[in-house]
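When a residue number appears, it is its place in the shown sequence, counting from 1. Predicted model, so just to flag it, every value in this text is computed and none were measured.
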Amino acid sequence: MPELPEVEVTRRGVAPHLEGRVVEQVVLRREGLRWPFPPNLNELLSGREILSTSRRGKYLLIHFEHGTLIVHLGMSGHLRVLPEGVELKKHDHFDLIVRGGPEGRRVLRLHDPRRFGAVLWHANDDGELEHHILLRGLGVEPLEDGFSGALLHRETRKRSAPIKQVLLQGDIVVGVGNIYACESLFAAGINPKTAASRISRARYDKLATAIREILAAAIVQGGSTLRDFIAVNGQSGYFQQTYFVYDRAGVPCRNCGAPVRQIVQGQRSTFYCATCQK
């Protein structure tokens, strides 16, 4: 599933083609994906200017004067910005056609083979965007000022679950998915099975730093492409080439040479080095 870096790479890729442009048409080629498409989306958005784009966790947000389009890539989705007339592929389910700018019309196209993605609408009349059912339980953004080791330490004093599981829940810090949780815990030297409440403030300081640095590096490298993810320009990310533990079960640790281990936590694979992570 695309994680925070992949969604941020996508946002940065689409922003120059969307912000300040006017929607000409919305094309829906099925009734919905994970949830139904808003049935009147074309009427809601046609003729409206896109003011800005942002991201909340793994959700791409496209802001209009009267509301926000919420886009989630699901397990296999990706967005492309294309010129008009590009031939449709199977699983091209949604087009946002915009006009304006020197390049003329452009098509923001969502391709989602597994159909676990989402395109939803939140009107300003429905209340604050942060109270939307998909966004209201999200924790702090790991690349913003509110995230720190102190926050992790304070919010985990009553959490007996393993730290890897706590990171994935997203209610303390958002967007640290499976790949980047494994890599961050390795960088901080913390065993993923350790109860969150047993980790010291000093070790949480190291973990917060590792999360920030790894997510930032992944964004610079275009995210991770393991199966389906590609950036808006059609290129694959290459952060996976620098993994220390994720998807490297049985391979010698890059630090100590011991074999990387793989276990299952909460139905997700966890990769770690038992020698380097205490």
Side-chain angles (χ1 to χ4, degrees), residues 1-15 17-18 23 25-46 48 50-64 66-82 88-98 107-139 141 168-171 174-179 223-232 267-268:
M1 178 180 292
E3 299 186 15
L4 185 154
E6 290 76 52
V7 179
E8 180 61 20
V9 166
T10 297
R11 189 201 67 78
R12 295 182 184 187
V14 303
H17 304 280
L18 297 182
V23 174
Q25 186 182 7
V26 176
V27 180
L28 307 176
R29 299 190 180 89
R30 57 181 304 111
E31 293 183 355
L33 298 173
R34 185 173 183 182
W35 297 288
F37 290 134
N40 60 337
L41 199 55
N42 186 51
E43 291 76 12
L44 280 169
L45 300 185
S46 291
R48 297 283 191 161
I50 297 171
L51 302 180
S52 63
T53 62
S54 65
R55 177 194 51 76
R56 186 71 172 101
K58 301 177 186 179
Y59 295 95
L60 172 67
L61 307 176
I62 302 174
H63 302 285
F64 296 80
H66 62 313
T68 300
L69 196 65
I70 303 172
V71 181
H72 191 269
L73 299 179
M75 297 180 68
S76 60
H78 64 258
L79 289 168
R80 299 283 304 278
V81 175
L82 304 167
L88 285 171
K89 297 180 180 179
K90 187 178 181 182
H91 309 305
D92 285 346
H93 303 305
F94 166 86
D95 283 356
L96 184 71
I97 303 171
V98 299
V107 180
L108 179 70
R109 179 166 291 168
L110 175 61
H111 179 88
D112 186 5
R114 299 188 188 183
R115 301 196 298 275
F116 278 99
V119 177
L120 302 172
W121 175 251
H122 180 83
N124 290 344
D125 293 342
D126 294 332
E128 296 293 331
L129 178 62
E130 64 188 34
H131 296 149
H132 188 278
I133 189 170
L134 295 179
L135 306 180
R136 64 191 181 197
L138 299 182
E141 290 285 336
L168 294 189
Q169 286 175 2
D171 57 336
V174 69
V176 186
N178 198 40
I179 293 172
S224 297
T225 296
L226 299 181
R227 292 182 182 174
D228 302 292
F229 176 74
I230 59 173
V232 173
Q267 300 181 332
R268 305 295 298 277

Worksheet, complete the sentence: Value for NE2 (His111) from CG (Leu73), rounded to nearest 0.5 Å, stands at 12.0 Å
Practice prompt. Report, as yes or no, whether the 6.0 Å neighbourhood of atom CD on Glu31 holds more than 12 heavy atoms from other residues, nucleotides or ligands.
Written response: no
Item to complete: Give a yes or no on whether the backbone of Val98 and the side-chain of His17 come within a donor-acceptor separation of less than 3.5 Å.
Response: no
Discussion item. To the nearest 0.5 Å, what is the distance between CD on Glu6 and CZ on Arg11?
Written reply: 14.5 Å
Discussion item. Ignoring hydrogens, what is the shortest heavy-atom contact between Leu60 and Val7? Give both atom names and the distance.
Written reply: N-CG1, 4.1 Å
Response to the item:
In terms of heavy-atom contacts, Val119 and Leu110 come closest through CG2-CD2, 3.8 Å
Fill in: Approximate separation, where rounding is to 0.5 Å, of Leu61 CG and Leu120 CG
11.0 Å
Discussion item. Between Val81 and Leu18, does the side-chain contact (heavy atoms from CB on, under 4.5 Å) criterion hold? Intermediate values first, please.
Written reply: CA-CA 9 Å; Val81 175; Leu18 297 182; 5.6 Å; no
Fill in: side-chain contact (heavy atoms from CB on, under 4.5 Å) between Tyr59 and Val71, intermediate numbers included
CA-CA 6 Å; Tyr59 295 95; Val71 181; over 6 Å; no
Worksheet item: Between atom CG of Leu108 and atom CD1 of Ile50, what is the distance when rounded to the nearest 0.5 Å?
Response: 8.0 Å
Discussion item. If you compare all heavy atoms of Ser54 against all heavy atoms of His63, which two are closest, and at what distance to 0.1 Å?
Written reply: OG-NE2, 2.6 Å
Response to the item:
side chain to side chain contact (heavy atoms under 4.5 Å, CB included) filter on Ser46, not counting sequence neighbours, yields Asn42
Discussion item. Could you report the tightest heavy-atom contact between Arg136 and His131, atom names first, then the distance?
Written reply: CD-O, 3.5 Å
Discussion item. Side chains of His91 and Asp112 only: does a donor on one sit below 3.5 Å from an acceptor on the other?
Written reply: no
Worksheet item: CG/Asp92 to CZ/Arg80 distance, rounded to the nearest 0.5 angstrom?
Response: 9.5 Å
Worksheet entry | Pairwise distance NE2(His93) to CG(Asp95) - rounded to 0.5 angstrom | 11.5 Å
Discussion item. As a quick check of understanding, evaluate side-chain contact (heavy atoms from CB on, under 4.5 Å) for Glu141 and Leu138, giving each step before the final call.
Written reply: CA-CA 9 Å; Glu141 290 285 336; Leu138 299 182; 5.9 Å; no
Discussion item. Take a 6.0 Å sphere around CZ of Phe116 and say whether it holds more than 12 heavy atoms from other residues, nucleotides or ligands.
Written reply: no
Fill in: Pair Glu130 + Arg56: basic N to acidic O under 4.0 Å
no
Worksheet item: Do Val176 and Gln169 have side-chain heavy atoms sitting under 4.5 Å apart?
Response: no
Discussion item. Among residues at least two apart in sequence or on other chains, which ones pass ring-ring contact (aromatic ring centres under 6.0 Å, His included) with Phe37?
Written reply: none
Practice prompt. Please name the pair of heavy atoms, one in Lys58 and one in Glu3, separated by the smallest distance, quoted to 0.1 Å.
Written response: CE-CA, 4.1 Å
Worksheet item: What closest approach, in Å, do Asp126 and His122 show between heavy atoms, and which atom pair accounts for it?
Response: CB-CE1, 3.7 Å
Practice prompt. Any chance you could lay out the side-chain contact (heavy atoms from CB on, under 4.5 Å) test for Arg55 and Thr10, step after step, and finish with the verdict?
Written response: CA-CA 10 Å; Arg55 177 194 51 76; Thr10 297; over 6 Å; no
